[in-house]
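In listed order, ligands and their atoms are each counted from 1.
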Amino acid sequence: MMNSADIRQTFLDFFRSKGHTILPSAPIVVKDDPTLMFTNAGMNQFKDYFLGNKKPPSARVADTQKCLRVSGKHNDLEEVGVDTYHHTMFEMMGNWSFGDYFKKEAIAWSWELLTEVYGLDKDMLYVSIFEGNIQEGLPKDEEAYTEWKKVIAEDRIILGNKKDNFWEMGDTGPCGPCTEIHADCRSNAERKAVDGKTLVNNDHPQVIEIWNNVFIQFNRLKDGSLEPLPSKHVDTGMGLERLVRVLQRKTSNYDTDIFSGTIAKTEKIVGKKYIADAATSPSTGGSRREAVAFRVIADHIRAISFTIADGQLPSNTGAGYVIRRILRRAVRYYYSYLDYKKPLLHQLLPGLAKQFENVFPELQKQVDFVSRVVKEEEESFLKTLEKGIVKFNERAQLHKDQLLPEEEARKSIDGITAFILYDTFGFPVDLTQLLAKEIGWEVDMNGFNNVMQQQKDRSRAATAIDTEDWIILHDNSINEFVGYDNLETITRINQYRKVKIKGKEAYQLVLQKTPFYAESGGQVGDIGELILPSPSGEGVRLSVFDTKKENDLIVHFTETIPAVLSGEVIAKVDALKRRNTELHHSATHLLHAALRNVLGNHVAQKGSLVNNEHLRFDFSHFAKMADEEMAKVEALVNKKIRENIP
Ligand code: SER
C-alpha cells in the first residue's frame with residue numbers, strides 16, 4: 001500500500017512526465033488579494049495568469065497547495081470532525097494549463113492517472129459534467145461529455161447543475177464549468193444493494209468527490225455578469241486526504257497515515273483511545289463526542305500550525321481571528337470531551353512538523369516558535385473557558401426554567417449572553433453556537449449582532465467630533481506640508497469651521513501650506529502658534545493645540561479665532577517639542593528593528609504613540625519578554641543611536 005508521501009509524489013511525477021513544471025505551494029495566508037483571507041484553492045496563486053494580467057512561468061504547471069476553507073464562499077468549519085471527510089486545512093494537488101491544453105487532455109490524463117497509475121477500480125468511479133444553465137445563458141458541456149464517453153460507461157456520467165458543476169473562486173474572479181470525479185468506497189454488498197450513482201453529491205460519507213477539473217473560460221464581474229476570457233485554461237484540484245483514504249481503502253480520512261500519527265500522539269497525551277466508529281457502535285466504549293474531539297484536534301492543529309508558520313499570528317481581527325476561532329474550538333473539544341485541562345495542541349507540533357518536513361519545510365524551520373505561540377494561546381483561553389462554560393450553562397438553565405410552553409419551539413440563547421461570552425470570556429460566537437447546538441438550542445444571532453453594533457457605536461461616539469460646515473476663504477487652494485524643512489512659514493487660511501469635541505467648542509483651520517505635522521504613524525500632531533495680522537500691528541496669536549489629518553487635509557485645532565481671518569498668517573511650530581518628538585519617532589524605528597532582531601521576524605507593530613516626552617510601542621509577540629531580551633534590545637538601540645547615522 002502506498003503511503004501518503006508516495007501518493008503525493010506520484011501525482012507530481014505523473015504531471016512532470018506530461019510536460020508540467022512543478023511549483024511549490026503558495027503560503028496559506030493571502031496578503032495581497034483583498035477578496036481573500038486564505039488560500040482556498042490551488043488556483044488562487046494563478047488568478048492573474050487566468051485573467052491575462054501576468055504571464056505564467058510555464059504553460060503547464062502542477063503542485064500541491066495548502067488550502068484553508070473556513071471563511072468566505074467555501075466554508076466547511078461546522079462539518080469538520082463531526083464527519084470524516086471535511087477539513088479546515090487540506091492539500092489540493094492540481095495541474096494547470098494556461099491557455100495550453102484543454103478538456104480533451106485534462107480528462108484523458110485524470111483517467112489515466114487514477115485508473116492506470118494508482119490502479120483504482122473503474123467500477124468505483126463516477127463523473128459529472130455541467131448540464132448548462134438557462135439564466136446564465138450557458139449550454140451543456142458537450143465537449144466534456146464526449147471526452148468522458150471515450151473512457152467510461154455512459155451511465156456513469158452524471159449531469160450536474162450550476163451549484164455542483166460550475167466552479168467559482170469567490171463572488172468575482174475566474175470561473176467556468178467543471179467535471180468532477182467521485183469514488184464509491186462502499187463494500188460490494190452495499191454497492192449491489194443501492195446504485196452508487198444515486199449517492200453522488202448527496203453527502204454520503206463513502207461516496208465522495210475526489211477530483212475537480214475546472215475549465216476556466218470566464219471572469220465573474222462585480223455586477224454578476226460573466227465576461228469570456230481571452231484564452232481557455234484548465235484548473236484541477238484533487239484533495240490529497242481523500243485520495244489517500246480511497247487508495248488506502250479506509251472509510252475515514254482520519255484512518256490514513258496523514259492523521260494517524262497525530263491521533264496516536266493525542267491518545268498518549270490524554271490517556272484515552274480513539275474509537276473511529278464510536279458513532280455507530282457506542283458499545284465499543286468510546287463516546288461519539290470523544291471521537292469527534294480526536295478528529296477536531298487532528299484537523300485543527302494542522303490549520304493552526306501552517307497558518308502561523310506562514311506568518312499569521314492569532315489575533316482579534318481578520319485572518320488572525322479566524323485562527324483564534326479554530327484554536328479555541330479545538331481547546332473546547334479536548335477540555336470538555338477528552339477531559340484534558342492543560343494546553344495540549346502545542347505538544348503535537350514536533351510530530352507534525354517532522355511529518356511534513358519534505359513537502360512543507362517551513363513548519364519544521366519554525367517549530368519552536370509556532371509551538372510557543374500555540375501554547376500561549378491555549379493557556380490564555382483555558383483561563384476563561386471554564387468560567388465561560390459555567391456562565392453558558394447558568395443562562396441556558398435560566399432560559400429553560402423561564403420558558404413558557406408556547407416558547408418551547410424557539411429555544412435560544414439571547415444576544416446579550418452571547419455577547420458577554422464573547423467579550424468577557426473570549427468565546428467566538430460560533431463556539432457559543434456550538435454549545436447551543438449540543439443542547440438542541442440556537443443563538444439569537446440578530447440579538448448578538450445588535451449588541452455588538454451598539455458597543456461599536458458607543459466607542460465611536462466617545463471619540464466623535466460634532467462639526468459645522470466648512471467656511472471657505474480661498475477655494476481650490478493647495479494644502480501643502482512644508483514641515484520637514486521649515487518650522488515656520490508665511491501662509492494663508494484656506495478654510496475653517498467650528499467643532500464640538502466631547503461637548504467643548506473649538507475651531508479647525510486648514511492652511512495653504514503648513515509646517516505643522518499632522519498626527520500619523522503614532523506621532524502626535526504638532527503644537528505651536530498662528531500669528532494673524534491685527535489693526536494694532538502687533539498680530540493676534542492663536543495657540544494651535546493639535547494637528548490632525550482628515551483625508552488629505554491637514555487640520556489645525558485652536559480654541560478661539562479672531563473676527564478677521566483673511567490676510568497673511570505666520571505659522572510657527574513649537575520647535576523644541578517637535579524636535580523631541582522626532583527623536584522619539586526615530587527611536588521607535590530603531591526599537592522595532594531591534595525587537596525583530598532579538599525576538600524574531602514575527603514581531604509586528606500593533607500601535608504606537610510618539611510624543612515629546614516618551615514613546616510607546618505595541619507589538620505582537622507570544623510571550624512576556626525576558627530580562628535578558630530587554631537588555632539586548634536596549635543595548636542594540638543605544639548602539640545605533642551612538643552610530644549617529646545621518
Ligand atoms: N478550483 C477548483 C476547486 O477548488 C479545482 O482546483 O475545486
So, does Arg69 sit close enough to ligand 1 that a heavy atom of it is under 4.0 Å from the ligand? yes
What are the atoms of ligand 1, with element, lying closer than 4.0 Å to any heavy atom of Thr236? 5 (C), 6 (O)
Flag Asn40 as yes when one of its N or O atoms lies below 3.5 Å from any N or O atom of ligand 1, and as no otherwise. no
Any N or O on Val214 sitting closer than 3.5 Å to an N or O of ligand 1? no
Just checking, is any N or O donor in the side chain of Tyr145 or Glu154 under 3.5 Å from an acceptor N or O on the other one? yes
Modelled atom types, side-chain donor and acceptor of Gln45 and Asp63, under 3.5 Å: yes
Phe98 and Phe50 aromatic ring geometry - parallel, tilted or perpendicular at 30°/60° bounds: tilted
Would you mind running through ligand 1 and noting each atom that sits below 4.0 Å from a heavy atom of Met92? 3 (C), 4 (O), 6 (O)
For Met43, the ligand 1 atoms whose distance to one of its heavy atoms is below 4.0 Å: 1 (N)
Please identify which atoms of ligand 1 are closer than 4.0 Å to at least one heavy atom of Gly237. 5 (C), 6 (O)
Quick one: closest heavy-atom pair of Val80 and His87, and the distance? CG2-C, 3.6 Å
Without hydrogens or angle criteria, can the side chains of Arg60 and Asn95 be said to hold a donor-acceptor pair below 3.5 Å? no
Output the list of atoms in ligand 1 that are nearer than 4.0 Å to some heavy atom of Ala41, sorted by atom number. 4 (O)
Atom 6 (O) of ligand 1: closest protein heavy atom, distance to 0.1 Å, is Asp235 OD1, 2.7 Å
Does the side chain of Arg289 come under 3.5 Å of the side chain of Tyr333 through a donor N or O and an acceptor N or O? no
Donor + acceptor pair across side chains of Ser187, Glu190 (<3.5 Å): yes
